[in-house]
Amino acid sequence: MVGVMLSPYSSKPKRLLTQLAIDETSVPASASYCAGFELQAWRCDSFADHLIEWIADYALKEDELRVDHGNMYIRLREAAVRVYRSENYKQRGEVGEIVLHAICRDFFNTVPFAPRVFYLTSSNDVVKSFDLVHVRDLPDGGFELWLGEAKFYRSAIEGIKAAIDSVTEHIDQGFLKNEKLLLGPQVSKSLAHYREIRDLLSVQTSLDDLFKNAVFPICITCDSKATQSHETFCKSYTEAVGAELSELVSRLRESGLTEKIRIMLIYVPLGSKGTLADAFDSRLKGLCP
């Protein structure tokens with residue numbers, strides 16, 4: 001009997017985050033997720049473990065994700081080294097990127113359509129592309145490109161301000177044209193919509209068509225007074241997180257971005273950004289040579 005070769009993206013770590021709220025019909029669409037509580041404390045260590053479970057899916061290319069019992073540990077260490085040695089990790093920004101990657105993969109069933117990419121400007125400064133480059137299949141047979149931005153901050157307000165600035169720069173005509181040139185040749189041929197995605201990223205295709213088929217998820221992972229002041233899931237907690245999310249939604253609307261592009265605002269309230277960063281860092285260092 002001939003076995004069926006499954007995509008490496010068909011397997012995911014067991015879900016840890018809880019979806020507190022989601023509204024995909026509002027402008028902008030929005031959702032919130034939390035790691036939860038255990039023994040009357042926010043689950044920092046469990047969340048850090050969960051992010052480590054996702055680093056291979058986040059950092060490795062599709063062909064590298066085909067693992068077995070003989071190379072599983074090696075692949076995990078390869079992923080850890082790539083995350084740890086990146087310039088962005090020195091500022092701990094990659095924690096937010098992994099959070100965004102995990103949520104999009106887990107709750108929205110997106111799939112990376114190109115490897116994470118870096119390139120040089122004419123001034124030889126390293127410039128990062130979108131934090132997330134995924135595709136999402138739709139029930140009607142169509143697809144959406146998910147081009148994301150992640151912010152890992154102590155302050156939610158500072159995080160949304162930085163995200164608005166980044167996305168505003170990213171949807172600039174010059175940036176997107178360069179991005180299309182960069183991403184087009186890297187689209188995985190194993191994807192169901194391979195040819196359509198390549199056509200959409202062609203230099204001959206109008207950016208208007210890209211906007212029609214694109215969703216720009218913005219993930220704000222930050223300290224939350226709601227999480228810090230609660231010990232368990234309850235109505236009071238979900239309402240408090242909802243109020244924090246509403247403030248971020250208002251900031252996005254005021255920016256004018258929602259009139260130009262489709263945005264999915266993702267909010268992840270933390271008990272402590274610093275504690276999570278330290279917990280993740282200690283686990284990641286343990287995997288690095």
Side-chain angles (χ1 to χ4, degrees), residues 13-24 26 28-55 58 89 91-108 131-132 148-164 166 217-253 263-284:
K14 187 175 180 180
R15 181 173 291 179
L16 175 112
L17 294 173
T18 296
Q19 186 178 79
L20 300 179
I22 184 168
D23 185 351
E24 292 195 65
S26 66
S30 62
S32 56
Y33 302 86
C34 180
F37 302 88
E38 187 172 45
L39 300 177
Q40 298 182 316
W42 175 66
R43 292 203 297 173
C44 177
D45 287 336
S46 295
F47 196 10
D49 288 337
H50 187 60
L51 296 182
I52 290 295
E53 290 177 332
W54 273 103
I55 62 171
Y58 163 79
Y89 186 74
Q91 301 176 4
R92 292 185 167 175
E94 300 226 23
V95 175
E97 291 184 20
I98 298 169
V99 171
L100 173 59
H101 176 93
I103 289 174
C104 289
R105 293 274 288 116
D106 203 7
F107 290 90
F108 297 96
D131 293 333
L132 176 131
E149 183 68 25
K151 296 300 178 185
F152 184 51
Y153 274 55
R154 292 190 183 279
S155 164
I157 300 305
E158 291 302 314
I160 196 66
K161 286 180 180 178
I164 289 169
S166 294
I218 293 176
C219 182
I220 307 299
T221 303
C222 62
D223 285 349
S224 159
K225 291 182 179 179
T227 304
Q228 293 167 350
S229 61
H230 286 79
E231 298 176 340
T232 185
F233 281 124
C234 59
K235 183 178 180 181
S236 171
Y237 177 62
T238 56
E239 289 178 347
V241 171
E244 292 175 343
L245 175 59
S246 294
E247 175 65 20
L248 299 181
V249 168
S250 296
R251 298 278 178 148
L252 263 180
R253 287 174 179 164
I263 294 174
M264 166 57 75
L265 175 61
I266 296 171
Y267 177 48
V268 184
L270 306 177
S272 170
K273 180 228 178 189
T275 303
L276 176 61
D278 289 344
F280 179 78
D281 186 64
S282 66
R283 287 158 173 76
L284 194 68

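As a basis for the values below, the full set of heavy atoms in this structure was taken, side chains included, without hydrogen atoms, waters or symmetry mates.
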CG-OG distance between Leu245 and Ser32, expressed to the nearest 0.5 angstrom =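 One finds 5.5 Å between CG of Leu245 and OG of Ser32.
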query = So Cys219 and Val99, side-chain contact (heavy atoms from CB on, under 4.5 Å) or not? Walk me through it.
reply = CA-CA 8 Å; Cys219 182; Val99 171; 4.1 Å; yes
task = Decide yes or no on side-chain contact (heavy atoms from CB on, under 4.5 Å) for Thr221 and Val95, but give the supporting numbers first.
result = CA-CA 9 Å; Thr221 303; Val95 175; 5.9 Å; no
Non-hydrogen atoms of [X] and [Y] that approach each other most closely:
X: Pro13; Y: His50; value: CB-CE1, 4.4 Å
X: His230; Y: Ala240; value: CE1-CB, 4.3 Å
X: Leu51; Y: Ile98; value: O-CG2, 3.8 Å
X: Thr275; Y: Cys44; value: CG2-SG, 3.5 Å
X: Phe107; Y: Leu17; value: CZ-O, 3.4 Å
X: Ser224; Y: Pro269; value: CB-CB, 3.3 Å

Donor-acceptor pair, [X] side chain versus [Y] backbone, under 3.5 Å?
X: Glu231; Y: Glu38; result: no
X: Ser229; Y: Ala226; result: yes
X: Asp131; Y: Glu97; result: no
X: Arg43; Y: Ala35; result: yes

Any carboxylate oxygen within less than 4.0 angstrom of a Lys/Arg side-chain nitrogen, looking at [X] and [Y]?
X: Arg283; Y: Asp45; result: yes
X: Arg251; Y: Glu247; result: yes
X: Lys273; Y: Asp223; result: no

query = Is a side-chain donor-acceptor pair under 3.5 Å present for Ser166 with Lys151?
reply =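 A pair is found: one side chain offers a donor N or O, the other an acceptor, under 3.5 Å apart.
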query = Are Arg105 and Tyr58 in a cation-pi setup, meaning NZ or CZ lies under 6.0 angstrom from the ring centre and within 45 degrees of the ring axis?
reply = no
Any side-chain heavy atom of [X] sitting closer than 4.5 Å to one from [Y]?
X: Pro28; Y: Val249; value: yes
X: Leu132; Y: Cys104; value: yes
X: Ile218; Y: Ile266; value: no
X: Cys222; Y: Leu270; value: no
X: Leu284; Y: Ile55; value: yes

ask   = Under the side-chain contact (heavy atoms from CB on, under 4.5 Å) criterion, do Ile220 and Leu265 qualify, and how do the steps go?
value = CA-CA 8 Å; Ile220 307 299; Leu265 175 61; 4.2 Å; yes
inquiry  = Between Trp42 and Phe47, does the side-chain contact (heavy atoms from CB on, under 4.5 Å) criterion hold? Intermediate values first, please.
reply    = CA-CA 9 Å; Trp42 175 66; Phe47 196 10; 3.9 Å; yes
ask   = Do Phe37 and Tyr237 make the cut of ring centroids closer than 6.0 angstrom?
value = yes
request  = Have a look at Val268 and tell me which of Ile103, Leu20, Leu100, Leu276 forms a side chain to side chain contact (heavy atoms under 4.5 Å, CB included) with it.
outcome  = Ile103
task = Return the orientation label for the Tyr33 and Phe108 ring planes: parallel under 30°, perpendicular over 60°, tilted otherwise.
result = perpendicular
